[in-house]
Amino acid sequence: NAGVMQNPRHLVRRRGQEARLRCSPMKGHSHVYWYRQLPEEGLKFMVYLQKENIIDESGMPKERFSAEFPKEGPSILRIQQVVRGDSAAYFCASSPGLSGNTIYFGEGSWLTVV
Amino acid sequence: QQQVKQSPQSLIVQKGGISIINCAYENTAFDYFPWYQQFPGKGPALLIAIRPDVSEKKEGRFTISFNKSAKQFSLHIMDSQPGDSATYFCAAVATGNQFYFGTGTSLTVIP
C-alpha cells in the first residue's frame, strides 16, 4: 500500500524560476494538505484541497504561490518567480477527508533557491 | 496566532529517563489530538493520538495524558532511547479536518 508520494525529493532553482512540486495522495484519500517547514522551525500550514476544490488556502502567500488538485493526477504546488526565502522543505499530507481522521505525510520536497 | 502552544522547544534526556512534552490549546472545538514524530530529512509520522473522551492512552513506551478542563495534553516517553531522538509535533484537529500543529520539540536522548 503506497504512502503519500512526493516528487521531486530535491529541487534546485535559480531566483526568478518556477518550482512545481507534485503530490500523489495515499490510495483512497481525496484530501490533500501542503505544509512548509523552514530549517529548525515547525510545520506551517499552506493549503487544504479536495479534488477540484480548495477548502482552505489561508496559509498561502498572496502572491506567486498556487495549488491545485485536479480530478485526475497529482496535487501540484506551484511557486512562481522563486526567491531565496522560498528555500524550505514542502510536505504534502493526505487524508480520507472524514472528520477526525489523521493525516499521513509524504517524505517532503526540499527546494533550494540559488 | 498560534492555536496550539508546545513546550519545551528542545529537550535533552538521559537514556532510560522519561521525556515529557506539553501542549496547550484554547479552542474547545478541537476533538482529536495526534502526535507526530519526525526524523531529520523525513516527513512527520503519526506516533499516537487521543480523543477528548479519555484521559490517557498508552502504546508501548508512549503515553498521552489529556486534561480536558485545563485544555492541555502531553506526551510521555518512558525508558527513552537514543533512537527516540527526533522532533515531536503535537496537533489539534477541529471539525472539518483542519489540523493545527505545535511548533515542535527537538528531543535528544543521550546514551
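Chain naming here is simple, since letters A, B, ... match the order of the sequence lines and numbering starts at 1 in each. As the structure is a computational prediction, the values presented were derived from the model and not from experiment.
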* **Contact class of Gln6(A) relative to chain B, heavy atoms under 4.5 angstrom** => neither
* Asked: Quick one: what part of Pro34(B) sits under 4.5 Å from any heavy atom of chain A, side chain, backbone, both or neither?
  -> side chain
* More than 12 foreign heavy atoms under 6.0 Å from CZ of Arg15(A): is that the case here? -> no
* To do: With the side chain counted from C-beta on, respond yes when Leu43(A) and Phe99(B) share a heavy-atom pair under 4.5 Å apart, and no when they do not.
  => no
* To do: Compute the centroid of each ring, for Phe105(A) and then for Tyr36(B), and state whether the two points are separated by less than 6.0 Å.
  => yes
* Are Gln38(B) and Phe91(A) close enough that some pair of their side-chain heavy atoms sits under 4.5 Å apart? -> yes
* Test of ring centre spacing under 6.0 Å for Tyr35(A) and Phe101(B) -> yes
* Asked: For Glu56(B), does the CD atom sit with more than 12 other heavy atoms under 6.0 Å from it, leaving out its own atoms?
  -> yes
* Neighbour count above 12 (heavy atom, 6.0 Å) for Lys42(B) NZ -> no
* To do: For Glu18(A), look at atom CD and say whether over 12 heavy atoms of other residues, nucleotides or ligands are found less than 6.0 Å away.
  => yes
* **Exceeds 12 heavy-atom contacts within 6.0 angstrom, atom CD of Gln81(B)** => yes
